[in-house]
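Taking it in order: structure first as structure tokens, then the write-up.
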2 protein chains.
Amino acid sequence: MVARDSGWFTELDERGGTGFSLRLGSGGHVHSEQTPFQRIDIYDTDSFGKLMVIDGCTMVSTRDNFLYHEMMSHPVLAHHPEPKTVVVIGGGDCGTLREVLRHPTVERAVQVEIDQRVTRLAEEHFPELCEANNDPRAELLFDDGIAWMANAPAGSVDVIIVDSTDPVGPAEGLFNKGFYQSCLRALGDDGLLIQQSESPLTHVQLMADMHIAMRGAGFATVTPILFPQPIYPSGWWSGSIASKAALGGFRADATNGFADALQYYTPDMHRGALVVPPYLRRQLGQAGA
Amino acid sequence: MVARDSGWFTELDERGGTGFSLRLGSGGHVHSEQTPFQRIDIYDTDSFGKLMVIDGCTMVSTRDNFLYHEMMSHPVLAHHPEPKTVVVIGGGDCGTLREVLRHPTVERAVQVEIDQRVTRLAEEHFPELCEANNDPRAELLFDDGIAWMANAPAGSVDVIIVDSTDPVGPAEGLFNKGFYQSCLRALGDDGLLIQQSESPLTHVQLMADMHIAMRGAGFATVTPILFPQPIYPSGWWSGSIASKAALGGFRADATNGFADALQYYTPDMHRGALVVPPYLRRQLGQAGA
């Protein structure tokens, strides 16, 4: 949806029955284009900085992207004993890649984004998220993440981060058992996958279906991790961590060397984000997840 | 603000530059009235049940009120060694009162709501929140909370919960040093106050001002506690706990007897909610809070 009210951008989430709006700044609707994959819009907002919207859904804002990017990267990396090879599927705004590259254990970080225009527009409108793109450990590929994962050598990846749009359009194939089977094969024995799994309040069925598919593919445990994300539907969001072996503890010192650069993640926040509220545990259980 | 789009209710938060919408159900705009204090509207929503709106601001929905009500009551009560007398200022929907009365230590729970119509409409549209109103330990007063607190005997209260609207209109006087001084006087030596302190992302200045006023009134420590609240601006909300003595640990067994009735609170969730993200710590520090 584009702005319904003059001076505001609004996304209506028809699935969850909620909507979110941001007041526009003087720049207004900065850019709009249709790529071979999707429509991308850029807005200048009054209090959240720049906003990227894909097919009408908010993707990233200057102000609150740190919540999502930190929580989609540092927890899963800290759960791995020594993450050397990390693959980001999607993630074209490069904010997740930047967080991954803060970890000194990482020797190779591959980002497989299907739509090069997402990254080009991020370089222009979110340059701070792209500041690690020239890191010699980074590889920015513009390719189909499903095919890339199917072709990855077995056991060659330590951590997979699926940082995709919603399960409609180009990202649909990232939310099923076949893709998770490819991921499981590509991961080493300590391997971990995290995928954004939408709102823990208004999209619980999607979370449940994802967890069933991840377990069905052979992952040993699937663990939700919750965090606020104001620009996403309901303002409350989740990732789901699938682990090849049972998920154990995490390295509490994993972020010590760059703690000052972080805005949300701390080891204590990590522990708190792993707590599943009773209602969600019940609802996922009822759904068989 | 009332609905701008046919079939949706929308609140625009002009302070924070964000907006939130809920799709209406078949009942639509159920009720509207102007009381001596404020305008109250009731909507039937498609996915959040009933919604109460006061002066255009969302107050309570059937679906997500458990987050706010559990987090405004159980943490502060668990931090007190033995809460016997609890006062709720505002809280006319009675959802906080219901949570308070779950605690077996509580001998007296006084709710001081200025606008009787809020409670009458809650009884009609949110009967589940009012199910403890006939508990013999409950006293429902319809009076000015500021005056009530100024007249309370010194040291007579264990826990004060300020469950008010935003600091404009009738609730304005609940956000200043004079009110906090009354509260401090009314509290016993182990006394604690919690007040809703708005969004930790988009209303940080309000949080900072509140913390400064609480400390200025003589409270020893002020501690934020964070939780999701989808219907409130930014979807992320806070309480601030002010303690007469330095805030220590909490009784991890405080909710054991009624854990099955809770949807969000657990002792682990309590611990997680007390973690202050680094950006917020820095911003509150810069504001002198």
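Labels below follow one simple rule: chain letters A, B, ... track the order of the sequence lines, proteins then strands, and each chain is numbered from 1.
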**OP:** Taking Arg23(A) for its side chain and Glu14(B) for its backbone only, find out whether a donor-acceptor pair lies under 3.5 Å.
**Re:** yes
Which bit of [X] comes within less than 4.5 Å of chain A, counting heavy atoms only: side chain, backbone, both or neither?
X: Arg282(B); result: side chain
X: Thr202(B); result: both
X: Asp46(B); result: neither
X: Tyr265(B); result: backbone

Would you indicate whether the side-chain heavy atoms of [Y] and [X] approach each other to under 4.5 Å?
X: Tyr264(A); Y: Leu280(B); answer: no
X: Leu201(A); Y: Arg63(B); answer: yes
X: Pro277(B); Y: Met269(A); answer: yes
X: Trp8(A); Y: Thr10(B); answer: no
X: Thr266(A); Y: Pro278(B); answer: yes

Original post:
Given the options Ala259(A), Ser234(A), Gly17(A), Pro233(A), which has more heavy-atom pairs under 4.5 Å with chain B than any of the others?
Top reply: Gly17(A)
Original post:
Which distance, rounded to the nearest 0.5 Å, do you find between the CD of Gln263(B) and the CZ of Arg281(A)?
Top reply: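 Taking CD in Gln263(B) and CZ in Arg281(A), the distance rounds to 14.5 Å.
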Original post:
Checking Leu67(A) against chain B: side chain, backbone, both or neither under 4.5 Å from a heavy atom?
Top reply: side chain
Subject >> Leu262(A) versus chain B, the contacting section by heavy-atom distance below 4.5 Å >> reply: backbone
**OP:** Please check if the distance between the ring centroids of Tyr279(A) and Phe66(B) is under 6.0 Å.
**Re:** yes
Original post:
What option among Ser47(B), Pro228(B), Pro200(B), Gly235(B) has the most heavy-atom pairs under 4.5 Å with chain A?
Top reply: Pro228(B)
**OP:** Would you mind telling me which of Pro230(B), Gly19(B), Ala273(B) has the largest number of heavy-atom pairs within less than 4.5 Å of chain A?
**Re:**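 Sorted descending by pairs with chain A, the first entry is Gly19(B).
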**OP:** Evaluate whether atom CG of Asn256(B) has more than 12 neighbouring non-hydrogen atoms of other residues, nucleotides or ligands under 6.0 angstrom away.
**Re:** yes
